[in-house]
Amino acid sequence: MSAINVFEQNPSGNARAESPLHHADLRSLVGKGRQNAGVTLREHKFLGHLTLRGDGHDEAFASAVQKALGLELPGALQLVSSGDTSLQWVGPDEWLLIVPGGQEVEVEQKLRDAAAGLHIQVVNVSGGQSLLELRGPNVRQVLMKSTSYDVHPNNFPVGKAVGTVFAKSQLVIRRTGEETWELVIRRSFSDYWWLWLQDASAEYGLAIEA
Amino acid sequence: MKRYSGFGLFKHSLSHHENWQRMWRTPTPKKVYDVVIVGGGGHGLATAYYLAKEHGITNVAVIEKGYLGGGNTARNTTIVRSNYLWDESAKLYEHAMKLWEGLSQDINYNVMFSQRGVYNLCHTLQDIRDSERRVNANRLNGVDGELLNTEQVAAEIPYLDCSKNTRYPILGATIQRRGGVARHDAVAWGYARAADALGVDLIQQTEVIGFRKENGAVIGVETNKGFIGAKRVGVVTAGNSGHMARLAGFRLPLESHPLQALVSEPIKPIIDSVIMSNAVHGYISQSDKGDLVIGAGIDSWVGYGQRGSYPIIEHTMQAIVEMFPILSRVRMNRQWGGIVDTCPDACPIISKTPVKNLFFNCGWGTGGFKATPGSGNVFAASLAKGEMHPLAAPFSIDRFYNGALIDEHGAAAVAH
Amino acid sequence: MSQTYRLSSGGRVDRSKVLNFTFNGKSYQGYAGDSLAAALLANGVDIVGRSFKYSRPRGIIASGTEEPNAILQLGATEATQIPNVRATQQPLYSGLVATSTNGWPNVNTDVMGILGKVGGSMMPPGFYYKTFMYPKSFWMTYEKYIRKAAGLGRSPLQNDPDSYDYMNQHCDVLIVGSGPAGLAAALAAGRSGARVILADEQEEFGGSLLDTRETLDGKPAADWVASVIAELQAMPEVTLLPRATVNGYHDHNFLTIHERLTDHLGDHAPLGQVRHRVHRVRAKRVVLATGAHERPLVYGNNDVPGNMLAGAISVYVRRYGVAPGRKLVLSTNNDHAYRAALDWHDAGLQVVAIADARHNPRGSLVEEARAKGIRILTSSAIIESRGTKHVTGARVAAIDTVAHKVTSPGEWLECDLIGTSGGYSPIVHLASHLGGRPVWRDDILGFVPGDAPQKRVCVGGINGVYALGDALADGFEGGVRAATEAGFQPTTGSLPKTVARKEEASVALFQVPHDKGTARAPKQFVDQQNDVTAAAIELATREGFESVEHVKRYTALGFGTDQGKLGNINGLAIAARSMGITIPQMGTTMFRPNYTPVTFGAVAGRHCGHIFEPVRFTALHSWHLKNNAEFEDVGQWKRPWYFPKPGEDLHTAVERECKAVRASVGLLDASTLGKIDIQGPDAREFLNRVYTNAWTKLDVGKARYGLMCKEDGMVFDDGVTACVADNHFIMTTTTGGAARVLQWLELYHQTEWPELKVYFTSVTDHWATMTLSGPNSRKLLAEVTDIDLDKDAFPFMTWKEGNVGGVPARVFRISFTGELSYEVNVQANYAMGVLEKIVEAGKKYNLTPYGTETMHVLRAEKGFIIVGQDTDGSMNPDDLNMSWCVGRNKPFSWIGLRGMNREDCLREDRKQLVGLKPVDPKKWLPEGAQLVNDPNQPIPMDMVGHVTSSYAFNSLGYSFAMGVVKGGLKRMGERVYSPQADGSVIEAEIVSSVFFDPKGEQQNV
Amino acid sequence: MLHIFCPHCGELRSEEEFHASGQAHIARPLDPNSCTDEEWGTYMFFRDNLRGIHHELWDHVAGCRQYFNVTRNTETYEILETYKIGEQPKVTARENTPATSAAVNERGENV
């Protein structure tokens, strides 16, 4: 048996799946919000989330990642992406890789092959995380209500990703467009974030996309 | 000392209060004292008083770098209770409680000890287990305590949100009915006046900057105003204990952290007991002036600035509004911070030290005020005899080496 | 009565918008733009409250935050009551309902006032301490009556309908105050392109420029204000916050601003709006342009309604078009206060006289007053005022300010308004919140900010720079400096021209001497809210209270809702004089947040009610809801506690659930357990170091239970860890310990053993875990999985991969119930689908969902511990009778080993975990019950231990418990006793803690 | 609320993101079993608890999850430097650093 257990966790057939915000039934809320809402929310569900750990100062590791993903290993607070794949710096030895759902094992294997001989960790965390996209002119205000991190464009340009405190818990904020932001949320907290975001965006109007 | 009484007050009113005596002298330090107490807070002044009163040792000086009662005595939330879990602490705090119960008369100064009851709320099943354990231990130790269910809590504490749909519903509470609050400044002033009357020298605005030693024993203290000799020295300098130990040449198993508190504007009485919650983390009582007195948490870093971080105030206020939603429109007047010396087991150090004849009384963490009379009483006995009082003995520094800790963390409910 | 005291013209109020309001039940009218105080004065309301201690009638003194008396109760409904609103800061709105906070039956005829007159002389400071001591038991009774007099306003008794929130702000320059200096600073900083926040506590920007008689560039000052605001509004990086008080200056340039968004609209917020918002600001630079407060002089009966600050009179006349009287006498020690008399005179009202404490004042304003024919009495001051409910006269006498003596009998001047000015106190509160002690300046007779490490600039009045032109220049320069220091290019610009004036120095005067001496003179109030008099301060120093903090605490000086904004400097001056020292020798008390009071709800923000704190749910939560679960809080998680069927209580439900597990099969949601994925060549070595037991030989495919200790040898977490590949482990932790354990592993890896090649990643949320437990679990699982469940192929303490319900799963054969058990782990997105398939297949086995309570019972029957329930931070593995789980001979001295070997940890009579079997099988030992050896010992009793877990129900048919007993492991078969609160005693036998199936025959099948 | 420069994220962040973990540079004895009770107790519990310059361990829990060291004045609360695990402080009490010096520039870099 190999040193690491790589495990395909997606069913081969059609199995029922529920995203972390399943219980909120977002689909039923589409079109129910205010016209010209200041904030539009959408859950990007069932993506492949992988935690990647390795020595960021090791050239070999960086080139292995480059080779496996075609992405340059991002430095502190950076988010790089190509197509449906994004790679985000989380810490000096930790990155979050998001790929289309179903590709987790394939990508993990690619990384392991490329980094053969290096000490790394790849962990599928897809069941425990989700990506919330917030879009619109008032997202910045909603973020300002929620985090003590400075989300002014001068400090938070597109392509930045920051782990920080958000309300009374923690998450990662990513800025992917002028008025587009993403929150990486943990499954068990998803109801809290859902309630929080509804509350914080109420005065600007919240629209749901699904 | 002229005794205070209602008649005296009337007599003074006739002379437009122009003839009141000084509460204490401003003495010139003697060359040598039998005992020098470093630190003129509640504990130090109580120590001096009991040395004079119970042990006949009146050649005593209390040396205070600022003004009497100006440290944690001046900035705590004045809660008094004795319902501690472990035998060692319960006995010590209950000793204090019994002294509280006659203190105003003993020192002829109204410390306004108000036994209005202290509630500790339970929000989880484990809270209930811990409370049951503590109340049972208290009872068998002779400390009063009851465990109430939710309905009883709701009946006894009006406006407390006891509904099921809160984040952490209230499942019950312990109540120590003999617990309550006292007027903090009056404790310091009362002990000071009584100690002064027995001949103790209270030396303010004088800072101890070193300890003079001979053959491993202390023989006096160096101050910014000169040397003062002493046969024994007791250090009671909450918030500065680590620094004093350093001057004496050793370290202590404690760290000094900011502890914050706040008051509302004065409002008409609405809370007539002391209510503490561990799970939502806040506690509240109301002063006789009408201020809601609210304790906040401890900052996790070392800090001597008598101030902490603002989020702690926010969290505390969230807890208070969660417990008492009707208070949401009341306004917070003032916040402040003290410095608490905290030991790893949340219990004090009352102990001999590596320096002979030098004794330390410190590490009370967030719980010092309630112990004031008991702490002073057993420390005085220890200083008088040169051997630790039996109630103080378990609180030796040695426990941090041999492992005989008295871990009140698990059961102290809110750390007050 | 309709606004009798409203001037026919002038002010910034909108006379076309009449607003109705009530005060103490009477209806009045005011105008849009009025403050409540202005509207009350316009209607001739003199008495707004009764004083705290003496119950004396009190009127409005000031026009802003410093007001000590006009503290009112607001609110039209019970739920919208607001206590202690300063009428001077409350904008008038239509329908406002205000009442006085003290006074019975009402403020005009107050019974307590009579008591105050009779008993007042018996109430010097500290009188509480000197009496009410006897008899001993009576304090609680005395206190009951004392408390009746407590407080100002009252709390609402219904829940707040409003909401509050936070806004986190970051800026280059935060400017506090929008008077001339603040506005100039904002212009300078804004033009540089910096991110600027300008906050002001008032309804509109402008500060003193809103009521000044000065002109800028020859035009009314307010015109300049309007043009500056327009320019700032056009700057994208400038945020303007009116109605926003900067209340706290915290470390590292973090400041809090309390913005009142809707208090000017009504007593509660319009639907969908937050009432207050706290801005949590991190500023690179702070410009403090907080200005100065005018100081009143302290003279006899200075609290009679109709005694006002000189500057407040100008504000009411010029800003609100209200004249709070007809005939004014002004008492001053400075030039600036002459403006009040000039404004009064310009409004066509009578200035009876100005008493100036100075010998020969000749400043421009003084000359202007002289030129207008106003009578000026020099070397004079008002030494007392007259009147019961309103001022009827002022006694003006010649005084010697140095000798502190009255030098002439003086004369009584008829008047209905007294203006008073003792100079100005820079508002140094914010500058001092971080402990920087203010510094006294003799030239301005005030404290200015001392040095502080904060990155801040002080401009204008706070620096004692009072002349308008100087304040503008100081502000602009400060704004440039702040922006430059924050990394922006300096800007230039021209400032409006001001009229130059000759201003003379003021003379030091705080308490005005009285011919009777302080103790016998009419009461000279220093702090009106707390009824602190000059005599009280003298008494305090006489009794030995010599420190400024002592004086404050003994007299209550500055303890009010105004925190002594008017009184503190006067109090210091009186104490200093009475002790023969100077004011700077006396020093100031500490300044602490808040500058002005802040609503609790605003400090709490949105973090209350349903979003007070995160609630964590598992992927199966909605199934639990559908199946009627009751929940238990475990950390932030909601875990099913039990699943009652109709008519069942906890006890009967748990009994049923337990039986179902022992007899057939039960289902538990174990997803909340912490799970950590550990990978790396040194993973095993790391486990060896953090667990008490050995991991070197754990084969791939196997799982093992482990205990974790702190360095002191006390147990802090436990769980099963499985080896999924040579260098790959899945660790489980307790539910509450998950985050703590991960942090613990990282701590040791990062700080102690960075050379070990291992990584840790939390997978708690990723895997959903369903535990099937009971003799039929194998049969049930077999129906939904392709894994070979044969007992030899899949033995106890191993794990397998395969499909469960068509979804890839890792199945662990471990047991916390003592029954044959399988823990099925699937990627959480698929958990609900898998669960439903298991439930469907489980119908024929009476598959029974069970919660934490049943889990606790079943594990206790097996003697399995729950960390945190059976341990309390003072139990080591030996105490728990778990020496089997301790690898004392492991080569590396793992965390906890050395601690366990300390002297006290090796005692034989330590409390040890044992089973407890009540001698009467029907009796139940309460969890937390204490144990003694001799039930007849009198209190205090010697306790030998306590009950940690106890259950009335047992598969074997008797109640049983686990507990700790001193030396208990050597006392098997002995009896201990538990004295109960009701006087009864429960006798129990010390037994093994394994009650059920000690050989493990049920789980190893 | 403190503003702390995380040496890994390279930015100043609010204190809320961090967890203070006590005095820094307290190394676990290499051979615990040879320690006396007194030595072991000293390692576990006894701290400098200094007034003034203090080196302490912080964890960027909400950010990069890295532990790092902070040199902070415990009286003024000023942070004089932050540095990674394994590095030594540049500012120490012996250097008599003025309590009011600003050792971190606007970008939070050590200067």
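Just so it is clear: chains get the letters A, B, ... in the order the sequence lines come, proteins before strands, and each one is counted from 1. These numbers were taken from a predicted model, which means no experiment stands behind them. Reckoned from all heavy atoms, side chains included, excluding hydrogens, waters and symmetry mates.
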Under 4.5 Å from any heavy atom of chain D - which part of Leu405(B): side chain
Chain D interface, residue from Ile312(B), Ile397(B), Leu252(B), Ile339(B) that has the most non-hydrogen pairs under 4.5 Å: Leu252(B)
Neighbourhood of chain D inside residues 237-250 of chain B, taking heavy atoms under 4.5 Å as contact: Gly239(B), Asn240(B), Gly242(B), His243(B), Arg246(B)
Options Arg51(D), Glu16(D), Glu39(D), ranked by heavy-atom pairs under 4.5 Å with chain B, top entry: Arg51(D)
Thr342(B) side, atom OG1; His257(B) side, atom NE2 - distance, nearest 0.5 Å: 4.0 Å
Side-chain ion pair, Arg167(B) and Glu322(B), N-O less than 4.0 Å: no
Side-chain ion pair, Glu387(B) and Lys352(B), N-O less than 4.0 Å: yes
Phe46(D) ring center within less than 6.0 Å of Tyr401(B) ring center: yes
Quiz item: cation-pi between Arg212(B) and Phe227(B), 6.0 Å / 45°: yes
Pair Asp59(D) + Arg65(D), salt bridge at N-O below 4.0 Å: no
Row check, Tyr77(D) ring normal vs Arg307(B) NZ/CZ: under 6.0 Å, within 45°: yes
Under 4.5 Å from any heavy atom of chain D - which part of Asp299(B): side chain
